[in-house]
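Below is one structure, written out as structure tokens; comments come after it.
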Amino acid sequence: MLKRAMFRCGQLCSRVFAVEFDLRTEPLYFTLSSNPQVLHHAHQQLFADDKKLFSLHVHSDNRIEKAQTHAEIKHKLSLTLPRDCDVFEAYSFIPDVKNSVVKGFFIRDKSTTTLAEDVLKTLQESKSVCVFSYKREGQYYWQEMLTTCNQVEESVRQYITPAAAAEHHPSTLNIRNSDVFYCMHEAYEVLQECTDIIPESKEVLKLVDEQLETSRGDGFPVIVIEGLDATGKTTLTEALRESLNATLLKSPPQCLASFRQRFDSEPPLIRRAFYALGNYITAAHIGKESLRAPVIVDRYWHSTAAYAIATAVGGRVENLPKPGSELYQWPEDLLKPNLVLLLTVSPEERLRRLRDRGQDKTVEEAELEINQLFRLK
Ligand SMILES: Nc1ncnc2c1ncn2[C@@H]1O[C@H](COP(=O)(O)OP(=O)(O)OP(=O)(O)O)[C@@H](O)[C@H]1O
Ligand SMILES: Nc1ccn([C@H]2C[C@H](O)[C@@H](COP(=O)(O)O)O2)c(=O)n1
């Protein structure tokens with residue numbers, strides 16, 4: 001308990017918290033201080049009196065464990081919390097410091113039961129989970145650890161203080177090498193760290209080792225076709241193969257097809273590293289094939305980066321990294337195509353085509369359909 005309290009005062013107190021309270025507006029930012037301060041109107045709405053308030057963050061030096069614990073908690077909260085609990089994405093971070101984000105949740109319990117508190121107390125038993133509750137004193141609010149012994153309680157009570165909005169959405173601080181990978185060895189290392197818990201990682205790494213090839217010389221043109229599902233990629237890439245007498249490749253490549261389901265069920269860190277490695281295998285195939293004929297590629301790095309960034313960045317479209325951000329830069333060691341085309345259709349036409357096709361959808365495809373914000377991103 002003492003260790004947790006020290007951690008909290010040593011690190012969290014200099015941190016800013018952001019809660020994705022309303023998807024149409026900026027997150028709400030606050031810090032902790034020993035001096036009470038009156039809250040702004042928006043903050044007062046979040047900390048409204050008639051609710052029991054908690055926040056929960058996952059800490060671990062082991063990034064795989066951290067990612068998995070976060071995903072497990074998200075799943076558990078969605079299954080076990082009472083219906084009248086609101087769960088918002090929350091971040092604790094140090095402004096402008098890359099990789100400083102600790103992801104978590106902010107929970108408003110409007111129920112009359114203690115179920116939410118009981119669930120959170122159970123979660124707090126895990127050494128990597130910190131749960132805080134929020135209390136009111138007159139017009140001020142303070143944060144304290146959910147379960148504390150008396151000795152620690154005094155030293156950890158901190159008042160909620162409104163903080164300035166961050167220039168960049170906090171989630172963008174952690175995208176590099178957690179959601180999007182900009183060189184192969186960073187993605188490779190993630191799968192290496194997973195081999196104990198995901199045995200398939202070894203097989204994927206073996207395929208990467210076997211297939212990797214040095215970059216291509218001056219060969220035939222390489223054209224990538226990108227687009228959301230049902231925008232016509234398969235139709236166009238097949239037609240181009242015929243008309244240009246080209247070789248057609250895909251990312252992820254066929255040799256990873258049997259592993260996709262497994263990695264799709266993993267948290268973003270692991271899932272994105274898997275798809276990143278798929279791009280490097282496809283790059284090796286492009287290198288070989290483009291010496292013989294033009295190459296058409298059905299999705300490549302833009303798909304990987306776009307899905308990853310749209311998933312990682314919560315809330316509104318304006319939260320995305322700004323145009324020109326280094327996060328949109330092509331990976332330094334990934335073979336570049338000569339041309340990338342993005343196919344677009346109106347949302348109505350896309351839905352009509354999806355309905356006509358009536359195929360099974362992956363979870364993320366289904367999400368695209370129901371989540372207009374995600375598709376826009
Ligand atoms: N230019 C077009 N005009 C009208 N319909 C089209 C056009 N291109 C494709 N379609 C139709 O739209 C549907 C989706 O096309 P297609 O399978 O090529 O999309 P896709 O982008 O490859 O989808 P996914 O990524 O989900 O596999 C198909 O029924 C196809 O016949
Ligand atoms: N080049 C690619 C292709 C696909 N992905 C990921 C992104 C989603 O997680 C999923 C969607 O693929 P679909 O089901 O539409 O085939 O695959 C990627 O990261 N990179």
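All heavy atoms count here, side chains included; hydrogens, waters and symmetry mates do not. When a ligand or atom number is given, it counts from 1 through the structure's own listing order.
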| message | Ring centroids only, cut at 6.0 angstrom: are His169 and Tyr91 within range, meaning strictly under it? | response | yes
| note | Heavy-atom proximity to atom 20 (N) of ligand 2 ranks first, among Leu228, Thr311, Thr304, Asp264, for Thr304
| task | Report the part of Tyr300 in contact with ligand 2, treating N, CA, C, O as backbone and CB onward as side chain, heavy atoms under 4.0 Å; options are side chain, backbone, both, neither. | result | backbone
| query | What about Leu236: any of its N or O atoms under 3.5 Å from an N or O on ligand 1? | reply | no
| Enumerated ligand 1 atoms positioned under 4.0 Å from heavy atoms of Ala230 | 14 (C), 19 (O), 20 (P), 21 (O), 23 (O), 24 (P), 26 (O)
| message | Could you check whether Arg176 makes a cation-pi contact with Tyr182, meaning its NZ or CZ is under 6.0 Å from the centre of the six-membered ring and within 45° of the ring axis? | response | yes
| task | Measure the acute angle between the ring planes of Tyr300 and Trp330, then classify it against the limits of 30° and 60° as parallel, tilted or perpendicular. | result | tilted
| request: Answer yes or no: does an N/O atom from Ser251 fall short of 3.5 Å to an N/O atom of ligand 2? | output: yes
| field | Geometric class of the Phe47/Tyr141 ring pair [parallel <30°, tilted 30-60°, perpendicular >60°] | value | tilted
| request: Work out whether the distance between some heavy atom of Lys250 and some atom of ligand 2 is less than 4.0 Å. | output: no
| note | Within 4.0 Å of some non-hydrogen atom of Leu228, the atoms of ligand 1 are 21 (O)
| said: Does any N or O of ligand 1 fall below 3.5 Å from an N or O anywhere on Thr234, backbone included? | reply: yes
| field | Numbering as shown, the atoms of ligand 2 that approach Arg272 to under 4.0 Å (heavy-atom distance) | value | 7 (C), 9 (O)
| Can you find a side-chain donor-acceptor pair between Tyr275 and Asp264 that sits under 3.5 Å? | yes
| query | Going by heavy atoms, is Arg260 under 4.0 Å from ligand 2? | reply | yes
| message | Would you call the rings of Phe106 and Tyr134 parallel, tilted or perpendicular, taking 30° and 60° as the class edges? | response | tilted
| Should Asp356 be listed as contacting ligand 1, given a heavy-atom distance under 4.0 Å as the test? | no
| task | For ligand 1, indicate whether the residue Lys233 contacts it via side chain, backbone, both or neither (heavy-atom separation under 4.0 Å). | result | both
| Qualifying residue for side chain to side chain contact (heavy atoms under 4.5 Å, CB included) with Leu123, from Asp118, Thr80, Leu56, Val58 | Leu56
| request: Take Phe105 and His70, measure what ring pair (Phe, Tyr, Trp, His ring centres under 6.0 Å) needs, and give me the verdict at the end. | output: CA-CA 9 Å; Phe105 306 94; His70 181 270; 4.9 Å; yes
| field | Check: Pro294 and Asn245 side chains under 4.5 Å, non-hydrogen atoms | value | no
| So, is Asp229 polar-close to ligand 1, with some N/O to N/O distance under 3.5 Å? | no
| query | With a 4.0 Å cut-off on heavy atoms, does Gly227 reach ligand 1? | reply | no
